[in-house]
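The structure appears right after this line, and notes come after that.
Everything quoted here is computed from the prediction, not taken from an experiment.
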Amino acid sequence: MGWRGGWVVSLLVVGVGCGGALPEEQAEAGLAQEPTFAPEVTAEGLCLPTGAGTQRVKAILPPSELGIPRFALGPDSFVDFKGTLHFAVNDEDGRRGLWRSTGTDAGTTQVKGFPATAGNWTPRLSQLTATPEQLFFMAPDAANGLELWVSDGTTANTRRVKDLTPGAEDSYLTHLTASGSTLVFFKETYDASASTTRFELWRSDGTAAGTVRVRDFGTGVDVSYLDAKQGNALLFFVRELQGATSLWRTDGTAAGTFQVKRLDAGPDTYPNDVRTTGALTLFKLDEPSGLSELWRTNGTAGGTLRLASFGSTRSMRVLGALGSYAYVTTTSFSTQYMVLYRVPLTGGNPEPVVTLPNDYASQGPAFPYIEGVSQVPGGRKLYFAVAIGSDGPAPRDTQLWVTNGTAAGTTLLRRPLSLSDEYSSPVYAAADNLVFFSAYETTGGIEPWVSNGTAAGTRRLKDIAAPAQGGSSYPREFFRLGSRVYFSAYDDTLNAQLWSSALSRTCLAPEDAQ
């Protein structure tokens, strides 16, 4: 079976695997600290959500037959389409569905259902991508396989756009991105006889006639799975086989598809950690020597600059931008300590901000690495999850941090998060001073948590899964739309269902907030 979907290179794999012990079997003594709650108002005027305001929206899926809560399928691919939540539901029996919700049980309905296809595996309904008037997504049917579909939010006007790979064979489409009212995407076709993948850039206006190829990149390049959205343009990376790596952009037209800048002569240089903040995208290039380069781009040749380089004795990860600086972490391979650095967005020497503690640095394998990063557009804070590796598949420790770019403003909010190698905590900044995540407690398992960016204002949102259901709800897919944050959680229905937490501007006293 050939490789598909761009390149992925891992320079360091620590604490990743399958079959490791679950958090309830791995919790370190003394880590499950109970924070006190301070009902602090966020910069947006929002109070911390409450347990009372966190409720199941609707039970959509029947009880899971898997019997493993962390693997249960639940609502996902959340998107805002015309001000209403739309999402995918993929059942274990192969049925698929496009759904919508107004945040109530009655207002949560299926837009279009798809029966299971023949065989033992039905492709997932996925990649929901909204333009102002149309919602595009990938969905399967038995006659045409996995193809591009479009909807205006009604059942009658939800239809397949085009059978891009004629017959029952699936189409492999990636990088679905809205460019104004047009969808741009890549069609990847693998040729098993030649062990090559052809990369074609397409656009669609939602009609068969208006779904056309923009450019054929051929089989002599790889298109990375990583990309960025800048205004109405898609930025993507193209690597010549055994050659240069370049940044490209497209607006879905032939004239608007071009190479922005050649980044490196190569060979075997790969982009990683692509993070967009407003009109600026940061990314790194990893070289075979172990050297890592920090880059920035605004989608123009002149605005695409190498900011700094980091040597092969440490691993560098990109967090994001705050003000006039880019922020990264580096972890020394020898000392196993992680350092937060800032780099001027105009280029210059990296400046250390703070060294994060590592209680296990002298105890054998204990390499810290970044598990997740989140920042609201234009935000003044960066939230990031740090895991500390071990000599087994599961990490020794997991921590949620926040930084405003200063040493004094870099704070540990919660430890531990999930200690499983099969489920990691999502980190989702719903506002500059409001972040949702999951964390572990010995008495409550893994449940949704919330923080206003202070240790005192960090607490469990709600204990959703009772001990009889395994003790953990494994929340996923946090997504803010209007005055609610939606997510998926395993509950007393014995499956992962749609939940939401109401955002409020009326603060409660600590004793009323639970």
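- Arg484 is linked by a side chain to side chain contact (heavy atoms under 4.5 Å, CB included) to Tyr486, Ser500, counting only residues two or more places apart in sequence or in another chain.
- Using a cut-off of 4.0 Å between Lys/Arg side-chain N and Asp/Glu carboxylate O, Asp359 and Arg415 are scored as salt-bridged.
- Among residues two or more places apart in sequence or in another chain, the salt bridge (charged side-chain N to carboxylate O under 4.0 Å, His left out) test is passed with Glu293 by Arg306.
- Not a single side-chain hydrogen bond (donor to acceptor under 3.5 Å, both in side chains) links Thr182 to another residue, sequence neighbours left out.
- Side-chain contact, Asp286 with Ser292: a donor N or O sits under 3.5 Å from an acceptor N or O.
- Applying the side-chain hydrogen bond (donor to acceptor under 3.5 Å, both in side chains) test to Arg262 and every residue at least two apart in sequence or in another chain returns nothing.
- Residues meeting the side chain to side chain contact (heavy atoms under 4.5 Å, CB included) test with Ser451, sequence neighbours left out: Leu413, Val435, Phe437, Thr458.
- Qualifying salt bridge (charged side-chain N to carboxylate O under 4.0 Å, His left out) partners for Arg203, counting only residues two or more places apart in sequence or in other chains: none.
- Taking the six-membered ring for Trp, Trp248 and Phe217 have ring centres closer than 6.0 Å.
- For Lys82, the salt bridge (charged side-chain N to carboxylate O under 4.0 Å, His left out) partners at least two apart in sequence or on another chain are Glu133.
- Applying the side chain to side chain contact (heavy atoms under 4.5 Å, CB included) criterion to Pro448, with sequence neighbours excluded, gives Leu461, Ile464, Ser473, Pro475, Phe478, Phe487.
- A donor atom on one side chain and an acceptor atom on the other are found under 3.5 Å apart for Ser332 and Ser334.
- Checked against side-chain hydrogen bond (donor to acceptor under 3.5 Å, both in side chains), Arg317 has the following partners two or more places apart in sequence or in another chain: Asp273.
- Using modelled atom types, one finds no donor on one side chain facing an acceptor on the other under 3.5 Å when comparing Gln497 with Trp499.
- Centroid-to-centroid, the aromatic rings of Tyr383 and Tyr428 stay 6.0 Å apart or farther.
- Remark: Thr276 pairs with Thr281 by the side-chain hydrogen bond (donor to acceptor under 3.5 Å, both in side chains) rule, at least two apart or across chains.
- Arg459 forms no cation-pi arrangement with Trp449, by the criterion of a distance under 6.0 Å to the ring centre and an angle within 45° of the ring axis.
- For Arg124, the salt bridge (charged side-chain N to carboxylate O under 4.0 Å, His left out) test picks out Asp76, with sequence neighbours left out.
- Put simply, the side chain of Phe236 does not reach to within 4.5 Å of the side chain of Leu247, judged on heavy atoms.
- A distance below 6.0 Å separates the ring centres of Phe367 and Phe333.
- Evaluation of the side chain to side chain contact (heavy atoms under 4.5 Å, CB included) rule for Arg314 yields Phe310, Thr330, Tyr341 as partners, not counting sequence neighbours.
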